[in-house]
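Numbered from 1 within each chain, the chains take letters A, B, ... in sequence-line order. Scope of the values below: all heavy atoms of this structure, side chains included, with no hydrogens, waters or symmetry mates.
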Amino acid sequence: MKLFNTMTMKKEDFVPIQDGKVSMYACGPTVYNLIHVGNARPIIMFDVLRRYFEYRGFEVTFVQNFTDVDDKIINRANEEGISSQEVAEKYIAEYFTDCSGLGVRAATIHPKATENMSEIIKIVEKLIEKGYAYATGGDVYYRTSKFGNYGCLSHQPLDELQAGARIDVADVKENPVDFALWKAAKPGEPAWDSPWGKGRPGWHIECSAMSNRYLGETIDIHCGGQDLIFPHHENEIAQSEAANGCRFVNYWLHNGFISVDNKKMSKSLNNFFTVRDAAGEYGYDAIRMFMLMSHYRSPLNYSGEILIQAKNALERLSTAKANLAFFAQNGSDGAMTAKEAAFVASLSGFRERFCLEMDDDLNTADAVAVIFEMVREINSAVSPAENPTKALALACDEVFSELAEVIGLPLAETVEDASAEIGELIAKRQEARRAKDFALADKIRDELAAQGISLEDTPQGVKWKRS
RNA sequence: GGCGCCAUAGCCAAGUGGUAAGGCAGUGGACUGCAAAUCCGCGAUUCCCCAGUUCAAAUCUGGGUGGCGCCUCCA
């Protein structure tokens, strides 16, 4: 499997540290708000990566943290007159609600910054001991000039960063690029005891601490959005590698941005759409499909129109799935015909192509295309005209479901039994059709449509579904 | 100023040297009482522009144009 590594700017063959195992760390949300569609991209795409590794037989340990102490959380808490912890708990719950809707599985471990204070303090102490950090007035800063590789991930030399860095008035830092590891407590803020007095961790140290604690000194994959490359991931490298004296991460993966009218979707530009709102209008499934239909590193422009396109595309796949479920129940009995068996055998070609695409830096756009091509053939083979066996429908569904599950394709659930009331209306309409009373038949169809139930007349009888 | 990304049909989007996947929308046909769904067919002589390398370029090189991102919290 090849993955594009931001560190080397190349697609590289993935070689795990331990055979058959993958350790992954993703920077999770700062929990002070509902997530927006841009935030959803890494959440969805790295969920796909994790699923694909598992599909290929790897045992994956996936850690995603919650940043539950931060300026923004504190501000929010002050606005609402509740504690930071209450804000964090509320938005962690909201986060899981959205993830669940998006078909994103919970990580193996979801650690919180506030539950890792002793780990954080330990690393800061180690950095001070080794000369990579200095304490001043209750704050602790990282000494970037001491870390020779600073800038390696963002491919920016330290002097260029210095030229561009903001310099605060009366800054206590040795170098404008130095960043806070520990911040002295201000009145009214949540604070923890430390060797430097009461305070709280800086913005970057928690990820180094939690990655180290739950996954070890060197991990296989660290992922996140491209905007985390600098400074967040750069700083994590500086912290972890200086503290441990070894490589921090083997593969750095970064997703492209979602934009709106070609401007990056972001909270600061206030041009964002929350996942909650977008899902309310188009459905969570449309959001996931929207992401799956392009490559994770490509820029992607968000619009209502494109979510509708994604929703319609998904509908085609759901219809196919429902068709298979129908024939699994209503197909003919007995073993598959020779022709059917040959068709089922041919489906393995789609599975192979799907894997080739996924192996190529997680090309979900092509993987989805492979599924569409497979579905077209399945629709031909498992159609009323072919009088398919139940066995064929089941065999096709097995392959289809297998591939759909790998990328978490959100397919609508299958046939449910019609309620007595609906069944009666369908029967009444069939009677009218037999009597050539099409006006009545159409009237009943319209009535059902008004209830969100659409009918299809097939040689095998009437099929219905909720639209 | 430094670093980097993007430009493919009406819309979305793969493809990074061998002659343009897939989806949405549209449209013609089959099927249907009519629909819906499905299936079959149709749509880029061409991949922002110009020059170059090559037997061969959307793909490589150079130069332009347009758009975006990071360098400050940000997925």
Handout entry: Below 4.0 Å: OP1/OP2 of B:rC68 and any side-chain N or O of A:Lys263
Key = yes

Practice task
Provide the distance between the two P atoms, one in B:rC47 and one in B:rA9, to the nearest whole Å.
Solution key: 10 Å

Exercise for the section: Between B:rA75 and B:rU65, how far apart are the P atoms? Round to whole Å, please. Expected result: 34 Å

Handout entry: Base of B:rA37 paired with side chain of A:Arg316 (donor-acceptor, under 3.5 Å)
Key = no

Distance-only criterion, 3.5 Å: show the donor-acceptor pairs between side-chain atoms of residues 347-358 of chain A and protein atoms not counting sequence neighbours.
unit_1   : atom_1 : unit_2   : atom_2 : d
A:Ser348 : OG     : A:Ala345 : O      : 3.0
A:Arg351 : NE     : A:Glu402 : OE2    : 2.7
A:Arg351 : NH2    : A:Glu402 : OE1    : 3.1
A:Arg353 : NH1    : A:Glu373 : OE1    : 3.3
A:Arg353 : NH2    : A:Glu373 : OE1    : 3.4
A:Arg353 : NH2    : A:Glu373 : OE2    : 3.2

Exercise for the section: Establish, from distance only, whether the side-chain atoms of A:Asn235 and A:Tyr150 form a donor-acceptor pair under 3.5 Å. Expected result: yes

Exercise for the section: To the nearest Å, give me how far apart CE (A:Met358) and P (B:rA14) are. Expected result: 14 Å

Completion exercise
Across every strand shown, the nucleotide meeting Watson-Crick or G-U wobble geometry with B:rU54 (both distances under 3.5 Å) is none

Problem - Whole-Å distance separating the CG atom of A:Leu158 from the P atom of B:rC3 - result: 15 Å

Practice task
Would you please test A:Arg429 and A:Asp457 for salt bridge (charged side-chain N to carboxylate O under 4.0 Å, His left out) and show each step?
Solution key: CA-CA 11 Å; A:Arg429 172 167 170 276; A:Asp457 302 322; 2.8 Å; yes

Problem - B:rC31 pairs with, by Watson-Crick or G-U criteria that keep both distances under 3.5 Å - result: none

Handout entry: Charged N-O contact under 4.0 Å between A:Arg200 and A:Asp71
Key = yes

Practice task
Report yes or no: is there a donor-acceptor pair, N or O only, under 3.5 Å between the side chain of A:Asp227 and the base of B:rG69?
Solution key: no

Exercise for the section: Sticking with atom P, work out how far B:rC48 lies from B:rA7, rounded to a whole angstrom. Expected result: 8 Å

Problem - Any donor-acceptor N or O pair under 3.5 Å, side chains A:Glu174, A:Ser145 - result: no

Exercise for the section: Check whether any side-chain nitrogen or oxygen of A:Asn301 sits under 4.0 Å from OP1 or OP2 of B:rC12, and answer yes or no. Expected result: no

Exercise for the section: Mind calculating the distance between CG (A:Leu403) and P (B:rG22) to the nearest angstrom? Expected result: 18 Å

Problem - P spacing across the pair B:rA51 / B:rC70, given as an integer number of angstrom - result: 36 Å

Practice task
For B:rU16, give its Watson-Crick or G-U wobble partner with both distances under 3.5 Å, or none.
Solution key: none

Practice task
Could you check which residues of residues 28-42 of chain A get a heavy atom under 4.0 Å from RNA chain B? Sort them by number, please.
Solution key: A:His36, A:Gly38, A:Asn39, A:Pro42

Problem - B:rC50 and B:rU45, which share atom name P, separated by this distance in whole Å - result: 15 Å

Problem - Side-chain N,O (A:Asn323) to OP1/OP2 (B:rU38) below 4.0 Å - result: no

Exercise for the section: Answer with base, sugar-phosphate or nothing: what part of the nucleic acid does A:Phe257 contact at a heavy-atom distance below 4.0 Å? Expected result: base

Problem - Atom P, compared across B:rG28 and B:rA14: separation rounded to whole Å - result: 31 Å

Handout entry: Identity of whatever pairs with B:rC3 - Watson-Crick or G-U, under 3.5 angstrom
Key = B:rG69

Exercise for the section: Round to the nearest Å and state the distance from A:His232 atom NE2 to B:rC74 atom P. Expected result: 7 Å

Exercise for the section: Check whether the side chains of A:Thr30 and A:Asp70 place a donor and an acceptor atom closer than 3.5 Å, and report yes or no. Expected result: no

Completion exercise
Closest to the side chain of A:Ile258, out of B:rA75, B:rC34, B:rA36, is B:rA75

Practice task
Using the aromatic ring of A:Phe438 (for Trp, its six-membered ring), decide whether it stacks on the base of B:rG33 within the limits of 5.5 Å and 30°.
Solution key: yes

Completion exercise
Closest to the side chain of A:Asn262, out of B:rA14, B:rC68, B:rC24, is B:rC68

Handout entry: Gap in Å between the two C1' atoms, one belonging to B:rC55 and one to B:rG17, rounded
Key = 12 Å

Fill in the blank from the handout: Looking only at B:rU38, B:rA13, B:rG22, the nucleotide nearest the A:Asn379 side chain is B:rU38

Problem - Side-chain (A:Tyr142) to main-chain (A:Val177) donor-acceptor, under 3.5 angstrom - result: no

Practice task
With the side chain counted from C-beta on, respond yes when A:Asn271 and A:Asp261 share a heavy-atom pair under 4.5 Å apart, and no when they do not.
Solution key: no

Handout entry: A:Glu373, nearest nucleotide to its side chain (from B:rA13, B:rA75, B:rG22)
Key = B:rG22

Exercise for the section: Under a 3.5 Å limit for both distances, which nucleotide forms a Watson-Crick or G-U wobble pair with B:rC48, could you say? Expected result: B:rG64

Handout entry: Member of A:Asp359, A:Asp360, A:Asp361 meeting the side-chain contact (heavy atoms from CB on, under 4.5 Å) criterion with A:Met1
Key = A:Asp359

Exercise for the section: Answer yes or no: is there a side-chain heavy-atom contact under 4.5 Å between A:Pro231 and A:His204? Expected result: yes

Practice task
Round to the nearest Å and state the distance from A:Leu102 atom CG to B:rA75 atom C1'.
Solution key: 13 Å

Problem - Phosphate OP1/OP2 of B:rA21 contacted by A:Arg353 side-chain N/O (<4.0 Å) - result: no

Exercise for the section: Determine the Euclidean distance between corresponding P atoms of B:rA58 and B:rU19; express it in Å to zero decimal places. Expected result: 11 Å

Exercise for the section: Calculate the interatomic distance between A:Ile453 atom CD1 and B:rA35 atom C1'; express it in whole Å. Expected result: 17 Å

Handout entry: Distance in angstrom units between A:His233 NE2 and B:rC74 P, rounded
Key = 9 Å

Practice task
Scan every strand shown for a Watson-Crick or G-U wobble partner of B:rC24, both distances under 3.5 Å, and answer none if you come up empty.
Solution key: B:rG10

Strictly under 3.5 Å: I want the nitrogen or oxygen pairs between protein and nucleotides 5-10 of chain B, one per line.
none

Exercise for the section: For A:Ala209 and A:Ile120, work out which heavy atoms get closest and say how close. Expected result: CB-CG1, 3.6 Å

Problem - A:Glu12 CD: over 12 foreign heavy atoms closer than 6.0 Å - result: yes

Exercise for the section: May I ask you to say what A:Ile229 touches in the nucleic acid, namely base, sugar-phosphate or nothing, with a heavy-atom cut-off under 4.0 Å? Expected result: nothing

Exercise for the section: Considering just the side-chain nitrogens and oxygens of A:Lys264, establish if one lies under 4.0 Å of OP1 or OP2 belonging to B:rC70. Expected result: yes

Problem - Close side-chain approach of A:Glu340 to A:Glu386, heavy-atom, < 4.5 Å - result: no

